[in-house]
Amino acid sequence: MEAAGDLDRISALPDDLLYIILDYLPDVTVAARTAVLSRRWRRICINARCLALSETTEMTCATAPCRFAEFVDWVLAQRGDDDVESLHISMRRPKCASVERVNEWIRYAMQHVVESSKLYMPPYCSVNDYEQQQEAVVLPSHGAATSIWMDLRRYRLQLPAISGAVVRYEKLTTLSLSVSSFVEVGGFTLGDFVSTSCPRLRKLKIEC
Amino acid sequence: MAAPESGDGNNGAARMVTLISSDNTRFEVEAAAASLSQTLQLTILDGGGGGGDGIPLPNVDSATLSKVLEYCIKHAPAAANGGAPNATAVDRAELERFDNEFVNIDQSVLYSLIMAAHNLEIEGLQSLVAKKVADMIKGKSPMEIRRTLGFPDPTPEEQAEMNAHMLEYGWAYE
């Protein structure tokens, strides 16, 4: 092998192998550092089997506008309709994502994640930020994941209404919800949800 | 080099097989070691690779193949035991030490190795090298990664696209 030809060998690796390498770089913000290097790497990073999007910045709510939520939107939009094995989103500054945005992420996760779905948002930025906690995020009527973990104590969680489609979380075995409280619609209670919609559920943790 | 073992090798000597690299070097190795490759395993089970025949590997050069076999020979006993059950903590620590040293090599060799591991379907080796490459990326800035991995210079078009992307999502790369 010629030395000069060796330099570009990593770019010559097939996609399969780049995906395997990325499995060892689970945090996309780390993996994304490689994405900027070329269009191909960016495509590979975004389409990795497991996506962990965590905000790494130490900045507080008061400083610089947060781009993290936009970054999450961008990554999800790039992926389109493909399923993802696991999706973990972890924010540091809750005010930077509106409740509508968080709802979009939850919808996306319930639809596309087949194994583990995790969503974390700190309860508040500062002690002056208690009031907004009455906003509710919505749990969709269907979920594909085997494990759902949501720590969204900033929000209430609205359960799906029974009047709509039948509520099915067919493959769900582990459910952990930490929210400020639950909103039950049309008489469909949290107990109903757990006992009728999640036939395979084995582990349950509820905190509010 | 020992004479090729043509029989089953039930008594005493282990069965040997011959692998032939792309540059026509012949490697004689225990069948158990070569069988770490899923690709080779079937051929070997069918009795291939014994005697003067040898199994040609047109995609693997001799330098890479000798490295691959070094890994297989070291890992074959543990693999034969089904991995963990019989392995003592000392054995595992020794394998770990070997693995760490094994990937402490030139990058060009790493890439050849991971390609070979991929083609030959040697999962352990493939993971080992993938993890090493990932470790080289971790905690580095884009420019450092570019240097570390020896990326080629981007085309002007690619550069413009990258600049636009950096402007928008640069924070993710800090």
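In what follows, chains are A, B, ... by sequence order, proteins preceding strands, each numbered from 1. In what follows, every heavy atom counts, from backbone to side chain, and hydrogens, waters and symmetry copies are set aside.
The neighbour count for B:Glu123 CD, taken as heavy atoms of other residues, nucleotides or ligands under 6.0 Å away, does not exceed 12. The neighbour count for B:Arg97 CZ, taken as heavy atoms of other residues, nucleotides or ligands under 6.0 Å away, is above 12.
When side chains are defined from C-beta on, B:Asp135 does not count as touching A:Tyr24, because their heavy atoms never get closer than 4.5 Å. Contact check for A:Leu17 versus B:Gln126: side-chain heavy atoms found under the 4.5 Å cut-off.
Atom-to-atom distance recorded for A:Leu13:CG and B:Met115:CE is 6.5 Å, nearest 0.5 angstrom.
In terms of heavy-atom proximity, B:Ala130 sits nearest to A:Ile20 at CB-CG2, 3.7 Å.
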